[in-house]
Amino acid sequence: GVEMNKNNLDLSKLKAVIFDMDELMVDSAVVHDKIVEGVLNKHGGSLSVLTKEDEASFYGKRISEFLTYIHDKLNLGNLASPEELYKEFKEAYLKVFAKEVPIMPGLMELVKYLQHKFRLAIASSAPRAGIEDVLKRLELTEAFELLVSGEDDIVNGKPFPDIYLKTAEKLKLTPQECLVLEDARNGVEAAKAAGMYCIGVHNPYTYERVGQKQDLSKADLQVNSLVEIID
């Protein structure tokens, strides 16, 4: 089981486990980057304008915010609005995303382990159709009773707590009854700001690619992969 008592977490009240999706359930950054690069190339731009720090700072945030940032950084001006970039991104994303994205080690075992003990939900900055496609491909649709997407009427994206508060509200639970699994600093900060317990799960692939470990120090517990949670 999870050695969480050393953090004085009272898990007796816990009723739901809320999963983030990108980089936690699936290793999606490579596919995301490929799709964004394709969209930018069409307008004469490229992701190469980003520093590693830039890239790391956007993990967990909504892709629309990322595209707005790049749009301004590339001075795309009237060539293509951030809204157009997002529309192009989403079209390409829905074609390939679920098919091409690898699953994170330990995910299936963890979901099986948790689903008989807790209610499960997903709170992800990803487009709703993308979340649905991934769950369908992994045959996990039945396991999650609720999906909340960054596209739902969430005013502020992560690191603001809005998406997690909305998830608790829809589950009719208090934040204290929810445990969040997150891989990104923005997500951990959102979960803690919502008043929830949070396990920070480091993503080894992101570290290999970006060379930066996400700062998950605000989490109640940090692990190096989903596998460690059930070990």
Side-chain angles (χ1 to χ4, degrees), residues 20-101 122-137 147-167 170 182-191 193-194 203 205-206 209-212 214:
D20 167 54
M21 183 179 75
D22 287 311
E23 304 304 288
L24 178 94
M25 295 175 68
V26 289
D27 184 34
S28 49
V30 173
V31 177
H32 266 156
D33 286 356
K34 203 167 89 182
I35 298 167
V36 171
E37 184 66 14
V39 169
L40 294 177
N41 289 170
K42 238 163 72 178
H43 303 286
S46 165
L47 277 172
S48 57
V49 297
L50 294 180
T51 65
K52 296 284 186 207
E53 287 74 22
D54 270 345
E55 205 176 319
S57 72
F58 276 96
Y59 278 106
K61 290 197 176 185
R62 293 189 273 208
I63 194 85
S64 52
E65 291 176 47
F66 183 51
L67 290 170
T68 301
Y69 177 81
I70 294 176
H71 174 271
D72 297 344
K73 196 157 170 122
L74 287 172
N75 296 322
L76 289 178
N78 301 329
L79 286 173
S81 68
E83 291 73 29
E84 285 168 68
L85 293 181
Y86 182 66
K87 198 169 153 263
E88 290 175 21
F89 167 83
K90 205 173 145 181
E91 268 169 38
Y93 169 94
L94 291 176
K95 281 198 194 97
V96 301
F97 185 71
K99 292 193 272 299
E100 292 189 14
V101 174
I122 290 178
S124 162
S125 302
R128 170 171 288 275
I131 306 171
E132 289 172 349
D133 286 353
V134 167
L135 291 181
K136 213 175 283 163
R137 180 176 68 110
L147 313 179
V148 182
S149 154
E151 288 185 327
D152 298 344
D153 54 345
I154 309 290
V155 181
N156 305 296
K158 301 173 186 179
F160 292 95
D162 303 30
I163 193 166
Y164 285 120
L165 292 171
K166 165 84 75 182
T167 305
K170 289 191 168 203
E182 264 287 357
D183 65 283
R185 177 184 175 168
N186 290 313
V188 167
E189 289 184 0
N203 178 339
Y205 307 116
T206 305
R209 281 193 298 269
V210 187
Q212 289 208 331
Q214 287 278 315

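One is the number of the first residue; the rest follow in order along the sequence.
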Would you please say whether a donor-acceptor pair under 3.5 Å links the side chains of Glu88 and His43?
yes
For the CD1 atom of Ile163 and the CD1 atom of Ile122, what is their distance to the nearest 0.5 Å?
10.5 Å
Please determine whether side chain to side chain contact (heavy atoms under 4.5 Å, CB included) holds for the pair Tyr59 and Gln214, giving the CA-CA distance in whole Å, both sets of side-chain angles, and the decisive distance to 0.1 Å.
CA-CA 9 Å; Tyr59 278 106; Gln214 287 278 315; 3.5 Å; yes
Can you tell if the side chain of Val96 reaches within under 4.5 Å of the side chain of Val101, non-hydrogen atoms only?
no
Flag the pair Val134 / Met25 as yes when at least one side-chain heavy-atom distance between them is below 4.5 Å, and no otherwise.
no
Side chain proximity check, Tyr93 to Val31, heavy atoms < 4.5 angstrom
no
Distance (rounded to the nearest 0.5 Å) between Lys95 NZ and Glu100 CD:
12.0 Å
Is the shortest heavy-atom distance from the side chain of Lys90 to the side chain of Ile63 under 4.5 Å?
no
Minimum heavy-atom separation for Ala194 and Pro161, please, with both atom names.
N-CB, 3.6 Å
When every non-hydrogen atom of Pro82 is compared with those of Thr68, the smallest separation belongs to CB-OG1, 3.6 Å
How long is the gap from OG on Ser64 to NZ on Lys87, to the nearest 0.5 Å?
15.5 Å
Are side-chain heavy atoms of Val36 and Val39 found at a separation under 4.5 Å?
no
For a quick test of reading the model, state the closest non-hydrogen atom pair linking Ala190 to Phe160 and the distance between them.
CB-O, 3.3 Å
Ion pair check, Glu65 and Arg62, cut-off under 4.0 Å
yes
For Glu23 and Ala29, the nearest pair of non-hydrogen atoms, with its separation, is OE2-N, 2.6 Å
Interatomic distance, CD1@Ile35 vs CG@Leu40, rounded to 0.5 Å, equals 12.0 Å
With the threshold set at 4.0 Å, does a side-chain nitrogen-carboxylate oxygen contact exist between Asp152 and Arg128?
yes
Treating His71 as the side-chain partner and Ala80 as the backbone partner, does any N or O pair qualify as donor plus acceptor under 3.5 Å?
yes
Would you call Asp133 and Lys99 a salt bridge, using N to O less than 4.0 angstrom?
no
Does Asn41 reach the main-chain N or O of Gly45 with its side chain, forming a donor-acceptor pair under 3.5 Å?
yes
Six-ring centre of Phe58, Lys61 cation under 6.0 angstrom, axis tolerance 45°
yes
List the atom of Ile70, the atom of Leu47, and the distance in Å for their closest heavy-atom pair.
CD1-CD2, 3.6 Å
Compute the centroid of each ring, for His32 and then for Phe66, and state whether the two points are separated by less than 6.0 Å.
no
Calculate, to the nearest 0.5 Å, the distance between atoms CD and OH belonging to Glu151 and Tyr86 respectively.
4.0 Å
Is any side-chain heavy atom of Ser125 closer than 4.5 Å to one of Asp22?
no
Measure the spacing between CD of Glu182 and CG of Asp20 and express it to the nearest 0.5 Å.
4.0 Å
Asn186 (side chain) donor-acceptor with Ser57 (main chain) under 3.5 angstrom
yes
Under 3.5 Å, is there a donor-acceptor pair between the side chain of Asn203 and the main chain of Tyr205?
yes
Taking all atoms of both residues into account, what is the closest heavy-atom pair of Ile131 and Ala126, and its distance?
CD1-O, 3.8 Å
Charged N to carboxylate O below 4.0 Å: is that the case for Lys158 and Glu189?
no
